[in-house]
Every structure is written in C-alpha cells, then in structure tokens.
Visitor: 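What follows is a single structure, and I will ask about it in a moment.
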Amino acid sequence: MSMTVERVSLFSRGAGVTMHGLLSARVQCVRSPWWGLPKVAGATPNANRVVRVHNADRLVHGLRLAAATPLPLLRQVADALVGEMCAGLEEEGGSDQLKMLPSYVENLPTGDEEGLFYAVDLGGTNFRVLRLHLGGKGQVLSQESKEIAIPRELMVGTGKDLFDFIANTLATFVDTEDILLDSKSNKHREAGFAFSFPVRQTSVKSGNVIQWTKGFKIDDAIGKDIVKQFQDAISRSGHDVEISALVNDTVGTLAGGRYNFQEETMIGCILGTGTNACYVERADAVKKWKEALPKSGEMVINLEWGNFRSPWLPRTFADDEVDKESVNPGDQWFEKMVSGMYLGEIVRHMLLRLAEEATLFGDTVPEKLREQQSLETKHVSKIHADISSELQTVATVLHEVLRIHDTTLEQRRIVHSLCDMVGQRGGRLAAAGLYGILKKIGRAGPNKNGFALSRQKKTTVVAMDGGLYEHHHPYRKYMEDALQELVGTNGPYEVFLRLQNDGSGIGAALLAASHSRHRQTE
Ligand code: ADP
Ligand code: MG
C-alpha cells in the first residue's frame, strides 16, 4: 500500500501547503469531507496516532495564522476603533458600532465622601450587593458584599421577574445591616446601580435600556427606564432604598479607580462575562451633546466597545459558529472574541472540528464537544496556566469536564496550544482597544516632539475589573505585554493597568455618595 498525500487548506478546499513528513507511515489515506486532510483507514495504531496528530497540528497552524495578532494589525484595530469613536461622538447614531454614551457623571469621587451607601451591581453572570461605610479622607471604614448567580431563566424572562429578584436580594441584604452602624430598620438609604448593559441615560439616575447582551434577552424591558423598573420593585419589597446613581459598570470602575489611584485614572475597563470600556473625554469633543456643558469641562463616555467590528479583527470559523449560536447573531463581535462568556465556546468549536476532521481524539467524536457551553472560560484558563511538562492539569480538565479520558501528551499539547491561541488573541485585542482610547485622548501615539528620557512621562492609569482579567493570568499577561509594546517604553507615555476588585460595585456606591453629597451642597 502506498500513501497519497493531498494539498490541504484550512478555509478553502484544494489550496494550501503540501504535506510532508508522513511518508514513513504505511497507511492508506482517503479524503476527509471538508478539510481535505488525509484520513487513516486500516492503519496500525501508531501510524494512526502519527497521522492524527499531524493533521491536527496542521489545522492548528492554519488557525494560528488566521488568529494572529502582530503589532501592525493591533495598531490597525486601534485606529479603526478611534475612527468609530470619533464618528460616535459627532452625532447620535454616527457610528453604527459604538454608541459612545455620555454617562451624566460629572463629579467623580474625590475621597471626601462620607456615610453609609449601598450598591447593586448587575453583571452578565453575577449580581452583587454591596454596603460601603465611607469615612471621608479616602477612607472606607467597612465594606461588605454578597454575590449571587443570576438564575438562567431570569435572563430571558420578564423585567418584573428580574427586578423583583434583584430587589428582594437587596432587601434581604439591607436587613443584615449592623446595628453598630446606627441604622433604623425604616431608614432611608441610597444606592448606586451598576448596570452592565447599554443604556441611554437621561439623567444621572434614569436611563433606558437600548439592548441586552451577554445572553440576556428581556424584551419587555427595552426602551423603558431601568431605574424606575428597579425602584418599583424595591417599593414592592417594602424597603426605602433610593437609587441615586445609575452607572455603567465601566463608569463605576473608573470612579473606584479615581478614589484609589487618583486623577491619573482616565479609563475604566471591564473584562468579565462581557467586555466594555469608558474614558474621560473633553466635553467640547462630544459634538452630539446638546445640553449645557458640564462645569468640569469633562464627560465620562461609555464606548460600549463590545459591538466594535472591523475587517482587521482576526476571525476564524469558530467565531462565526459562536456568533451563529448566540442570542444576538451579528452583534458584539469584539466582545465575542475577547470576553469570558465566549472564549470557552471558541475553543470548544475548534476542538470539535479537530475531533471531526483530524480524528484527534479517535474515531468517535467525544459527545461533550457537541454540547454548547460544556467548556467554560475558567477551564480554558486552567488549561492555559498549566506549564508542567506532562500537562497533567490539561489531562484532568479533559477527563473531568469533557469526558475525554486517557489522553496522550501530544493531544494535550494541541489542546493547550488552542487555549493559548485564543487567550493570546483575546488579551492582545483588548490591549489594542485600550491603546485606541489612549490615542484618542492624546496619551499614547507617535513620539513627535523628540521626547527626552530625562523628562517626566505622562502617566495614565486604567482601572480594570472583571473575572476574566482577575483570574485568567496568561490572558492578563498577554494583554499587559501587548499594551506596553503598543505604547512603547522609550516614549513620553506610560500606562498602568490596575485591578480594581469589585470596582464596578464600589464605584457605583461612591457615585451614589458623591451625587448625594453634591445634591446636599447645591
Ligand atoms: P460579571 O461579568 O457577571 O460582572 P465577573 O466580572 O465576576 O462577573 O466575571 C465573570 C466571568 O469571568 C465569568 O463569566 C468567566 O467568563 C470569567 N471568569 C471567572 N473565573 C475565571 C477564571 N478562573 N478564568 C477565566 N475566566 C474566568
Ligand atoms: Mg461585572
């Protein structure tokens, strides 16, 4: 028997690179249906294994090329983002991708805030209630919080059900208030509401939901005032809690950053279930703003960058699959390549294809690979972080999560390289997004005036929050390294990413406080 070798390609049949190195395997190869890769029939187990791994390696190589994020590409992504940012500031709907939403937050916390404040932080996966006792002079005297997973059925139910659930959880939390805080059960309380979905605000404490993202779909809540819906639910719970600030979670994170890291904090960024960013813009640059300009001369703008898209985004077939299977096909492309809700799914689709087309895991495709959401981003990060020579953690995750048993080191190496590829791409694209914002506000970019190293650099802090950034360490390293590469180390600028734990919720409580304080002194 002799072996026929065909030309293979990742994305189109018939074109590609000729296969080498398999000629010692005495196997008969037949064309596989889609990829055009050699298949093994009646081969010895060892030859079988060699061909499988080789085929899988070739597919991974093709995917690596498609998903590559070299610096010039990242710069193009950043420039495309800046273009959309400018269009979105120009007029309402100026960009069909970035909403560039003014936040109505003029007064970022100063550190003087005092008193007991609550926050409710509705993310994509988790929902948190927080209690913050602020002592002024930048002091937080005490901080308590409770985190609850949002039941899946509430993500696609009615507004009333969702807000009743949140209000009742808040009410139960308020009831645990420590007597030492000198509270009475019927006391009036104020809370900030960090809400991680696109909202068109009409004031600092009102705004309408524009659309749901991250797997939420509550049609009857769209276009309605989100604070009113929440406030009504709180009334139904019988408690007196006033929502005095509605903030996007990125804005909360920025506010928390200001409190902790001071005025160099210009950007708030979330990398959790979804992704988004906000930044401090010159008010006169917001051309679409028709109301009086804020006294501070600045305005916090929420990009809603999850919906950014560009031909420069290095997409693979897996991104198309993830998009197709999502509740919002065609939307949120950037988010679907970068954030925690999707990285596991991207890797699962790649593994499925490797199992089907390169029989990576043997003649039968592991059932779990066909199951949506069977591989979560936390598993991907666990695999990615395994640097042991035998990739033992990879074996454990494959065994326990995907029910793929007795894997070989070569199989584990391939799985690891996919997780690395997807994590690297996500982290570096997130960095490109931040670089775009930095360029927009003149805190990164070419060193036009011949900056001398002896001069003081202009420092910018980005306040970061979100489970992906916090826990996925290789992702975070890729992101930080890419941002340093983009900004450069010899130029006039320097940028620091600072994790702001629970930043969105704490920031929302701080904004409730700064808003309350300003109201009293007005
Ligand atoms: P939310 O986005 O709901 O506000 P978080 O900021 O806590 O909540 O982010 C939760 C998301 O973070 C999860 O959906 C998951 O995608 C991601 N995540 C959590 N833990 C890890 C982990 N260990 N590694 C990678 N990603 C993680
Ligand atoms: Mg969050």
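Indexing begins at 1, ligand by ligand and atom by atom, following the structure's order.
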Visitor: Just wondering, are more than 12 heavy atoms of other shown residues or ligands nearer than 6.0 Å to CH2 in Trp312?
Guide: no
Visitor: Taking only residues two or more places apart in sequence or in another chain, which ones pass side chain to side chain donor-acceptor pair (under 3.5 Å) with Asp219?
Guide: Lys217
Visitor: So, does Thr273 use its side chain to make a donor-acceptor pair with the main chain of Met341 at under 3.5 Å?
Guide: no
Visitor: Would you confirm whether Asp220, through its side chain, and Gly159, through its main-chain N or O, come within 3.5 Å as a donor-acceptor pair?
Guide: yes
Visitor: Distances for all N or O pairs of ligand 1 and the protein under 3.5 Å?
Guide:
residue: ligand 1; atom: 2 (O); partner: Thr273; partner atom: N; Å: 2.9
residue: ligand 1; atom: 2 (O); partner: Thr273; partner atom: OG1; Å: 2.7
residue: ligand 1; atom: 3 (O); partner: Gly124; partner atom: N; Å: 2.8
residue: ligand 1; atom: 3 (O); partner: Thr125; partner atom: N; Å: 2.7
residue: ligand 1; atom: 3 (O); partner: Asn126; partner atom: N; Å: 3.0
residue: ligand 1; atom: 3 (O); partner: Thr273; partner atom: OG1; Å: 3.3
residue: ligand 1; atom: 6 (O); partner: Gly467; partner atom: N; Å: 2.9
residue: ligand 1; atom: 7 (O); partner: Arg128; partner atom: NH2; Å: 2.8
residue: ligand 1; atom: 9 (O); partner: Gly467; partner atom: N; Å: 3.3
residue: ligand 1; atom: 12 (O); partner: Leu468; partner atom: N; Å: 3.3
residue: ligand 1; atom: 14 (O); partner: Thr125; partner atom: OG1; Å: 3.2
residue: ligand 1; atom: 14 (O); partner: Thr273; partner atom: OG1; Å: 3.3
residue: ligand 1; atom: 16 (O); partner: Gly340; partner atom: O; Å: 3.2
residue: ligand 1; atom: 24 (N); partner: Ser381; partner atom: OG; Å: 2.7

Visitor: Please name all residues satisfying ring-ring contact (aromatic ring centres under 6.0 Å, His included) with Phe193, sequence neighbours left out, ordered by chain then number.
Guide: Phe195, Phe230
Visitor: Write out all pairs satisfying side chain to side chain donor-acceptor pair (under 3.5 Å) with one or both partners inside residues 336-351, taking only residues at least two apart or from two chains.
Guide: Asp323-Lys336, Glu325-Arg348, Glu325-His349, Ser326-Lys336, Asn328-Lys336, Glu345-Arg348
